[in-house]
Amino acid sequence: MFNLVLFGPPGSGKGTQSENIVTTYNLHHISTGDLLRDEVSRHTPLGTEAKKYMDQGMLVPDEVVIGMISSKIDETPDARGFVFDGFPRTRTQAEALDKLLEFKQTKIHLVLSLDVPEPELIKRLVSRGETSGRSDDTEEVITKRIKEYHLKTQPVANYYFGSGKLETVTGNHTVTDTFKALSKQINKYILPI
Ligand code: ADP
């Protein structure tokens, strides 16, 4: 198995690049943002609870997302590997993910961090908000999401840096060039299918 965490602030291109990566390398995409939005649209109890946080640009409580990830991993036991997108976002989530994977006798192999300057992030998110229909893509909520990122998520990079798994890639070039830079790192572990 090969398991990758795609790391970076809101608007850094994690979603777009995850799609490219999973098709090129035949991996399984797990996006906690997508999973949560799906719960919200189906009006499940989990979705109703999560929506309160998402609409304010705050992180959903750790136990909610960790439970969701755990059942998602169990759904595809034969996967070549997983791309985690938007998870882990706190140190508690990172530790829980290590435990879950250890239980499955695997681990996180690589963490690719997308680096994009903040003004560019805000520009991208505001323009996405004009078409996405996402209730959290307004300027006020975007600012809150970036704040939450600096406060709670950025420290997760140190967690992975400490175990030598973190590589930073510039996410400010074209989608194709960014993908090339990400692939160069992934190719050290697995090759495209
Ligand atoms: P972005 O990366 O652009 O903020 P996401 O789709 O990843 O978008 O996340 C949207 C929202 O969903 C977040 O602002 C947060 O409320 C919630 N969320 C997603 N993933 C997590 C997570 N791992 N832990 C806590 N909350 C999460």
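Both counts, for ligands and for their atoms, begin at 1 and track the order of listing. Because the structure is predicted, anything quoted here is derived from the model rather than measured.
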Between Thr44 and Val40, is there a donor-acceptor pair closer than 3.5 Å when you use the side chain of the first and the backbone of the second?
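Checked: no pair found.
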
Given side chains that start at C-beta, do those of Arg89 and Lys152 come closer than 4.5 Å, heavy atoms only?
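SC-SC contact between Arg89 and Lys152 ruled out.
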
Per-atom contacts, ligand 1 versus [X] - under 4.0 Å to a heavy atom:
X: Val65; answer: 22 (C), 24 (N)
X: Leu36; answer: 12 (O), 17 (C), 18 (N), 19 (C), 27 (C)
X: Pro10; answer: 1 (P), 2 (O), 3 (O), 4 (O)
X: Gly86; answer: 20 (N), 21 (C), 22 (C), 23 (N)

Top protein contact for [atom], by heavy-atom distance:
atom: atom 20 (N) of ligand 1; result: Thr32 OG1, 2.8 Å
atom: atom 14 (O) of ligand 1; result: Arg145 CG, 3.7 Å
atom: atom 26 (N) of ligand 1; result: Val60 N, 3.0 Å
atom: atom 16 (O) of ligand 1; result: Met58 O, 2.6 Å
atom: atom 12 (O) of ligand 1; result: Met54 CE, 3.5 Å
atom: atom 10 (C) of ligand 1; result: Arg134 NH2, 3.5 Å

How would you list all residue pairs meeting salt bridge (charged side-chain N to carboxylate O under 4.0 Å, His left out) that involve residues 10-34, not counting sequence neighbours?
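The answer is Asp34-Arg37.
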
Thr170-Asp115 side chain donor-acceptor pair, cut-off 3.5 Å:
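No.
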
Looking only at the side chains, is there a donor atom on one of Asp62 and Thr90 sitting less than 3.5 Å from an acceptor on the other?
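Yes, because at least one side-chain N or O of Asp62 sits under 3.5 Å from a partner of the opposite role on Thr90.
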
Assess the residue pair Tyr159 and Asp98 against the criterion (side-chain hydrogen bond (donor to acceptor under 3.5 Å, both in side chains)); give the C-alpha distance rounded to whole Å, side-chain angles, the decisive distance to 0.1 Å, and a yes or no.
CA-CA 11 Å; Tyr159 177 80; Asp98 278 350; 2.5 Å; yes

Who else is in the cluster with Tyr189 when I, L, V, M, F, W and Y are joined by side-chain contacts under 4.5 Å?
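Members other than Tyr189 - counting any ILVMFWY side chain reachable under 4.5 Å - are Phe2, Leu4, Leu6, Ile21, Val22, Tyr25, Leu27, Val83, Leu110, Leu112, Leu114, Val169, Phe179, Leu182, Ile186, Ile190.
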
Which is closest to atom 4 (O) of ligand 1 in terms of heavy atoms, Gln93, Arg89, Lys14?
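Going through Gln93, Arg89, Lys14 one by one, Arg89 has the nearest heavy atom to atom 4 (O) of ligand 1.
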
